[in-house]
Colleague: 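Sharing a structure below in structure tokens format, with a few things to ask.
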Amino acid sequence: MKNPFPTVKLIIASLAIASLLCLPAVTRADPVTLTLNSSLSYINASGAAFGLPYGGQAPGGMAASYSGSMVADLTAGVFTFSGGSSIVGIVNPAGPFSTDPYPGGPYAGNYGVTAGPTFITGYGYVIVNGVYGGMTLDLTTGTAQNGAAPVGMTDAWTAGTLTWGAANSALPFGPWNPVGGGVALMGGISGPDTSATLASWDGTTLILPITFHTTGSNRYEDWSGQLVATLSEVPEPSTLALAGMGMLVLAGLQFARSRRSR
């Protein structure tokens with residue numbers, strides 16, 4: 001009768017080695033992609049131009065929905081963002097919007113804002129209209145996990161334009177005389193995320209709060225909302241884990257052969 005103990009020892013050793021090999025699969029960073037739910041993902045805008053607070057050109061003009069995807073490394077329930085997300089603004093159904101009396105419009109966009117008319121000494125009554133369009137956001141740094149506010153997050157616009165026009169009048173209702181306007185690029189403008197709202201992650205869906213502040217020439221914007229995204233790429237098993245499973249299979253086959261030969 002052949003001694004089965006060497007085979008048993010081999011199985012035990014294989015199990016121990018496989019367990020060690022599988023550990024990195026649990027703790028290593030897995031690149032993941034999450035697809036945004038545009039019906040639940042939104043970013044609201046507020047701010048001011050030339051010291052005049054923004055309002056919406058129409059109901060809903062200060063709120064935009066977003067689609068696209070977020071990419072991150074996922075390690076033990078912690079998402080680490082380092083760029084590569086493409087969070088794309090959807091054309092706002094409250095539009096089209098205008099920058100009358102200059103440059104004009106109408107323009108399809110993500111946000112339609114207006115400020116004034118407000119009396120400013122030396123200028124009379126001033127009104128400013130603007131349209132933010134083509135807005136695309138990236139998450140360039142920071143982490144998020146279930147039950148905690150985002151940490152070290154930077155929210156960066158990678159694309160978008162602000163088309164604006166300003167006019168003044170001696171009367172609060174016009175007639176309006178154009179005094180300036182143009183197009184400002186939003187790409188490259190970013191701000192640290194200061195949201196105190198807690199993120200949520202249930203293993204499938206991430207709800208990420210968004211709050212950040214940006215500035216431009218004679219204006220500032222405050223952005224706030226949430227991004228809701230579902231895991232669309234499941235991390236693949238690691239090579240080490242597969243190797244460990246292979247060793248278990250081989251050990252099992254050897255054990256079966258030894259039993260048959262007894």
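Only a predicted model underlies this, so the values are computations on that prediction, with no experimental measurement involved.
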Colleague: Show the numbers, then the answer: is there a side-chain contact (heavy atoms from CB on, under 4.5 Å) between Y42 and L227?
Modeller: CA-CA 6 Å; Y42 63 90; L227 303 174; over 6 Å; no
Colleague: Would you call T230 and T35 a side-chain contact if the rule is heavy atoms closer than 4.5 Å?
Modeller: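 T230 does not reach T35 side chain to side chain.
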Colleague: Check whether L36 and L74 end up in the same hydrophobic cluster, where Ile, Leu, Val, Met, Phe, Trp and Tyr are linked by side-chain heavy atoms less than 4.5 Å apart.
Modeller: yes
Colleague: Using 0.5 Å steps for rounding, measure from the CD atom of Q226 to the CG atom of N37.
Modeller: 9.5 Å
Colleague: Which atoms form the tightest heavy-atom contact between G77 and Q145, and what is the distance?
Modeller: O-CB, 3.6 Å
Colleague: Can you list the steps and then say if T205 with V228 is a side-chain contact (heavy atoms from CB on, under 4.5 Å)?
Modeller: CA-CA 7 Å; T205 300; V228 180; 3.8 Å; yes
Colleague: Does either side chain, that of W157 or that of T136, offer a donor lying less than 3.5 Å from an acceptor on the other one?
Modeller: no
Colleague: Working to the nearest 0.5 Å, report the span between CH2 of W176 and OG of S169.
Modeller: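 Rounded to the nearest 0.5 Å, the CH2-OG separation comes out at 5.0 Å.
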Colleague: Could you walk me through whether T194 and H213 pass the side-chain contact (heavy atoms from CB on, under 4.5 Å) check?
Modeller: CA-CA 9 Å; T194 58; H213 176 83; over 6 Å; no
Colleague: Taking side chain as C-beta onward, heavy atoms only, is P209 less than 4.5 Å from P150?
Modeller: yes
Colleague: Considering all heavy atoms of both residues, which atom of A144 and which atom of F81 are nearest to each other, and what is their separation?
Modeller: CB-CE1, 4.2 Å
Colleague: Would a distance-only check, ignoring hydrogens and angles, find a side-chain to backbone donor-acceptor pair under 3.5 Å from S232 to T33?
Modeller: yes
Colleague: Just how far is it from atom OG of S195 to atom CE of M153, taken to the nearest 0.5 Å?
Modeller: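 Interatomic distance, S195 OG to M153 CE, rounded to 0.5 Å: 9.0 Å.
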Colleague: Do F97 and Y107 have ring centres separated by under 6.0 Å?
Modeller: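 Distance test on ring centres: not under 6.0 Å, no.
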Colleague: Measuring only between side-chain heavy atoms, which start at C-beta, is Y66 closer than 4.5 Å to L40?
Modeller: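 They are not in side-chain contact.
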Colleague: Is I43 reachable from L206 through a run of hydrophobic residues whose side-chain heavy atoms are each under 4.5 Å from the next?
Modeller: yes
Colleague: What distance do W223 atom CH2 and I210 atom CD1 have between them, rounded to the nearest 0.5 Å?
Modeller: 12.5 Å
Colleague: Between Y111 and Y132, what is the ring plane arrangement, given parallel below 30°, perpendicular above 60°, and tilted in between?
Modeller: perpendicular
Colleague: So, the side chain of T99 versus the backbone of G104: is there a donor-acceptor pair under 3.5 Å, distance only?
Modeller: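 Yes, because the side chain of T99 sits within donor-acceptor range (under 3.5 Å) of the backbone of G104.
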Colleague: Using only atom types and a distance under 3.5 Å, with no angle test, would you say the side chain of T143 pairs donor to acceptor with the backbone of V78?
Modeller: no
Colleague: May I have the step-by-step check of side-chain contact (heavy atoms from CB on, under 4.5 Å) for R219 and L162, ending in yes or no?
Modeller: CA-CA 11 Å; R219 72 174 200 277; L162 166 60; 3.5 Å; yes
Colleague: Return yes if a side-chain donor-acceptor contact under 3.5 Å exists between Y54 and E221, otherwise no.
Modeller: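 Short answer, no.
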Colleague: Locate the shortest heavy-atom distance separating A49 from V128; write the atom from each residue and the value.
Modeller: CB-CG1, 4.2 Å
Colleague: Are S224 and N44 close enough that a side-chain donor and a side-chain acceptor fall under 3.5 Å?
Modeller: no
Colleague: Within the side chain of Q57, is there an N or O that forms a donor-acceptor pair under 3.5 Å with the backbone of V113?
Modeller: yes
Colleague: So, for P103 and W164, which heavy atoms are closest and what is the spacing to 0.1 Å?
Modeller: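 Closest heavy-atom pair between P103 and W164: CD-O, 3.0 Å.
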Colleague: With rounding to the nearest 0.5 angstrom, report the CD1 to CG distance, I207 to D202.
Modeller: 7.5 Å
Colleague: Taking L139 as the fixed residue, which of L208, D193, T154, V71 is the one that meets the side-chain contact (heavy atoms from CB on, under 4.5 Å) rule?
Modeller: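 For L139, the side-chain contact (heavy atoms from CB on, under 4.5 Å) check succeeds only for L208.
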Colleague: For G191 versus F212, what's the shortest heavy-atom pair and its separation?
Modeller: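 G191 and F212 have their closest heavy atoms at O-CB, 3.9 Å.
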Colleague: Are T75 and T80 packed together at the side-chain level, in the sense that at least one heavy-atom pair is separated by less than 4.5 angstrom?
Modeller: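 Answer no - side chains too far apart.
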Colleague: Verify the distance criterion only: is there a donor paired with an acceptor across the side chains of T140 and D138 at less than 3.5 Å?
Modeller: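 Side chains of T140 and D138: no pair found under 3.5 Å.
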Colleague: Does the side chain of L34 come within less than 4.5 Å of V32's, by heavy atoms?
Modeller: yes
Colleague: Between N110 (side chain only) and M135 (backbone N and O only), is there a donor and an acceptor less than 3.5 Å apart?
Modeller: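 At least one qualifying donor-acceptor pair exists.
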Colleague: How many angstroms lie between atom OH of Y123 and atom CZ of F50, to the nearest 0.5 angstrom?
Modeller: 9.0 Å
Colleague: Where the side chain of T161 meets the backbone of T163, is there a donor-acceptor pair that is under 3.5 Å apart?
Modeller: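 It does not hold such a pair.
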Colleague: On a heavy-atom basis, which atom in G51 and which in A48 lie closest, and how many Å separate them?
Modeller: C-CB, 4.4 Å
Colleague: Do the side chain of S98 and the main chain of P106 share a donor and acceptor less than 3.5 angstrom apart?
Modeller: no
Colleague: Mind checking whether L231 and M70 sit in one hydrophobic cluster, side chains of I, L, V, M, F, W, Y counted as touching below 4.5 Å?
Modeller: yes
Colleague: Output yes when a side-chain donor or acceptor of N92 lies under 3.5 Å from a complementary backbone atom of G60, and no otherwise.
Modeller: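 Looks like yes, one N/O pair under 3.5 Å.
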